[in-house]
Amino acid sequence: MHLFDAPALGLRESSFTEPGDDLVCCESPVGTLGVTTCFDVRFPGLYAALRQMGADVMLVPSAFTVPTGRLHWEVLLRARAIETQSYVVAPAQAGRHNEARETYGHACIIDPLGRVLAELDGDKEGFVLAEVSFKLIDDTRDAMPLQQQQRPEVYARALTPELVDYVNGGGDGEAFAGGRPRRVLPGDADAAGAGQEADDADDEDEEEEEDDDDDYYDGEDDEEDEPEDDNKGKGIFAWFG
């Protein structure tokens, strides 16, 4: 689903691969499998969605580069297992493929508590086995019901139309710096695109801005208060990232 584009490393997977657009789960003798691949492991929102779809085991077949593998491979896989309280099974390409390409290997299996149950050393060829315990999955999720404790109504506030448009390849990027959303605070005339210098404001404007600041941080405005949502805190997070 997510393509490995890293211009600084001279890698652009999007030049020869089309991204997937569907979340995929399938049934198996070892439970419901959440299907992902390689670079997807850096996007926890995908795994949160697969968990909501019923995944018990996350599949992450990969071909990590050696530098990124040394830094991130295990910690990312363990994080996805802990966050989703699921098993993670991560086959991996390993060794030198040609003069320009070498992959990290270290295929492994991780349990819902984040423990590495089995792992292959380096670029060694072979396979590893581990038992999947449905009881451990259930006990882990019952002991700490993360899925029911998420706050999707809060997370959704970050999904402004401008951000969604920018992430989807639209917009001119004026509200972003270096590919990251800029932090825009009340009174930041330049960041907000107000079209005037801060020192143009007179005392009355400054007083109004201060009032606006107070409203912003207090969560108040001049509009009528929104009705309280009876479902607040009860939703299950389906997408974020």
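When a residue number appears, it is its place in the shown sequence, counting from 1.
Cluster membership for L76 and M1, using ILVMFWY side-chain heavy atoms within less than 4.5 angstrom, is shared. By the criterion of side-chain heavy atoms lying less than 4.5 angstrom apart, applied directly or through intervening Ile, Leu, Val, Met, Phe, Trp or Tyr residues, V89 is grouped together with I137 in one hydrophobic cluster.
Counting heavy atoms of neighbouring residues, nucleotides and ligands inside a 6.0 Å radius, atom CZ of R70 does not exceed 12 of them. By the neighbour-count criterion of 12 heavy atoms within 6.0 Å, atom CD of E13 is densely surrounded, having more than that number from other residues, nucleotides or ligands. Counting heavy atoms of neighbouring residues, nucleotides and ligands inside a 6.0 Å radius, atom CZ of F127 does not exceed 12 of them. Enclosure of atom CE in M144 is not indicated, since only 12 or fewer non-hydrogen atoms of other residues, nucleotides or ligands lie within 6.0 angstrom.
Y47 pairs with exactly one of D40, T84, T36 by the side-chain hydrogen bond (donor to acceptor under 3.5 Å, both in side chains) rule, that one being T36.
A distance of 10.0 Å separates CE of M53 from SG of C26, quoted to the nearest 0.5 Å. Atom CD1 of I109 sits about 6.5 Å away from atom CG of L129, to the nearest 0.5 Å. Note that CG of D5 and OG of S14 are 3.5 Å apart. Values are rounded to the nearest 0.5 Å.
Here D56 pairs with R141 in a salt bridge; the nearest charged N to carboxylate O distance falls below 4.0 Å.
Using cut-offs of 30° and 60° for the angle between ring planes, the W73 and Y104 rings count as perpendicular.
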